Amino acid sequence: MNYAKLPIAAALALLTVVGARTADAQGFTPRSLQDPAQTLTREVGKSRAAELRSQIPRIINGDDAATGEFPHQVSLLEEGNAPGLERHFCGGSIIGTDTILTAAHCVTWFVGVTDFVRVGAGHIDLDQLTEHEIAGVWIHPFYDDITLDFDFAIIKTRTNFFDPAIKLIDANENQTLGVGDLATITGWGVNENGEIQQVLQKAEVNVVARTDCNSVDAYDGMVSGRMICLASPGKDACQGDSGGPAIATLEGSDEPILFGTTSWGFGCAEPEFPGVYSRVISVRDWIDSIL
Ligand code: ARG
């Protein structure tokens with residue numbers, strides 16, 4: 001697939017319908033939860049978000065990952081004869097033997113037609129992934145395709161992964177990330193030339209204060225409670241990294257945990273606009289209910 005078409009603009013009309021149907025089928029009515037008092041700012045935020053997300057990607061200033069360094073990283077691959085470079089469209093993380101956590105905006109277009117998509121796992125080289133067919137897709141019932149609030153989806157595969165799952169941030173243990181804390185983001189997303197990368201890339205970024213990320217100079221209130229901002233000068237996720245992991249090793253622990261999934265941003269590595277990630281901790285109950 002031509003990367004320029006992905007992921008939001010091309011299939012938006014279709015996505016909206018499919019996404020809504022999925023939520024209904026699960027018995028949820030997400031829209032009813034909107035706070036009327038927020039309608040005005042939401043409307044402004046919505047058109048702004050659409051505008052921002054259409055910006056052209058610029059950079060991911062990462063380094064090659066080492067073999068086996070991020071065994072939980074997967075690629076969502078569109079079906080086709082072309083090698084990996086033409087097929088990768090999003091990232092994801094292994095959170096169970098046959099379970100992937102990714103972004104809702106990565107999957108809305110193929111719900112109901114999962115034959116078009118494979119989950120590729122087990123390698124840092126896009127062309128050497130082991131492919132798994134998809135058994136089912138769950139979009140978070142509160143996912144909002146305009147604001148990208150609750151940008152989470154879970155994919156179950158027909159076959160088990162050989163690779164270990166990454167541990168999720170645990171709400172009960174009160175694990176937290178503070179402003180300035182270091183996180184690692186990974187993905188095959190585009191570089192400054194708009195090219196999907198052959199070898200998995202990694203970059204270290206820091207947690208940005210929500211108030212800074214939401215300031216009028218930055219996202220001006222578009223960062224919801226389900227989102228966390230990460231940035232480091234010149235480094236960022238970009239198109240094609242979505243759904244992929246943001247991990248961190250918290251104090252007092254020696255293993256990394258998955259606390260975020262790549263969601264959106266204004267351009268890529270723009271100094272005033274951090275990358276925005278979905279906060280795994282905000283939907284732990286929903287994830288557990290599917291796991
Ligand atoms: N929405 C993008 C995707 O679908 C991810 C964008 C992340 N952008 C950023 N500046 N951090 O791959």
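We count ligands from 1, going down the list as the structure has it; atoms in each ligand are counted the same way. We're numbering straight along the sequence, starting at 1. The figures here come from the full heavy-atom set of this structure, side chains too, leaving out hydrogens, waters and symmetry mates. Since this is a predicted model, take the numbers as computed values, not measurements.
Note: F266 and Y219 fail the aromatic proximity criterion, with ring centroids not under 6.0 Å apart. Aromatic ring centres of W109 and F89 lie closer together than 6.0 Å.
When S263, S242, C229, C106 are ranked by how near their heavy atoms come to atom 3 (C) of ligand 1, first place goes to S242. When the options Y277, W264, F89 are ranked by their closest heavy atom to atom 7 (C) of ligand 1, first place goes to W264.
Between I124 and A66, the closest heavy-atom pair is CG2-O, 3.6 Å.
Using a 4.0 Å cut-off to heavy atoms of G275, the atoms of ligand 1 that qualify are 11 (N). Proximity to D241 (heavy-atom distance under 4.0 Å) selects the following atoms of ligand 1: 12 (O). Ligand 1 places these atoms under 4.0 Å from at least one heavy atom of D236: 9 (C), 10 (N), 11 (N).
G267 counts as a contact of ligand 1, since one of its heavy atoms falls under 4.0 Å from the ligand. In this structure, G243 has no heavy atom closer than 4.0 Å to ligand 1. At a 4.0 Å cut-off, at least one heavy atom of H105 sits close enough to ligand 1 to count as contact. Under a 4.0 Å heavy-atom criterion, G240 is in contact with ligand 1.
Between K202 and E69 there is a salt bridge, with a side-chain nitrogen of the basic residue lying less than 4.0 Å from a carboxylate oxygen of the acidic one. Ion pair E131/R87 flagged as a salt bridge, since at least one NZ, NE, NH1 or NH2 atom sits closer than 4.0 Å to an Asp/Glu carboxylate oxygen.
Taking the six-membered ring where the residue is Trp, F161 and H132 present tilted rings, their angle falling between 30° and 60°.
Note: no N/O pair closer than 3.5 Å links A269 and ligand 1 by distance alone.
With contacts defined as side-chain heavy-atom distances shorter than 4.5 Å, the pair I154/T99 qualifies.
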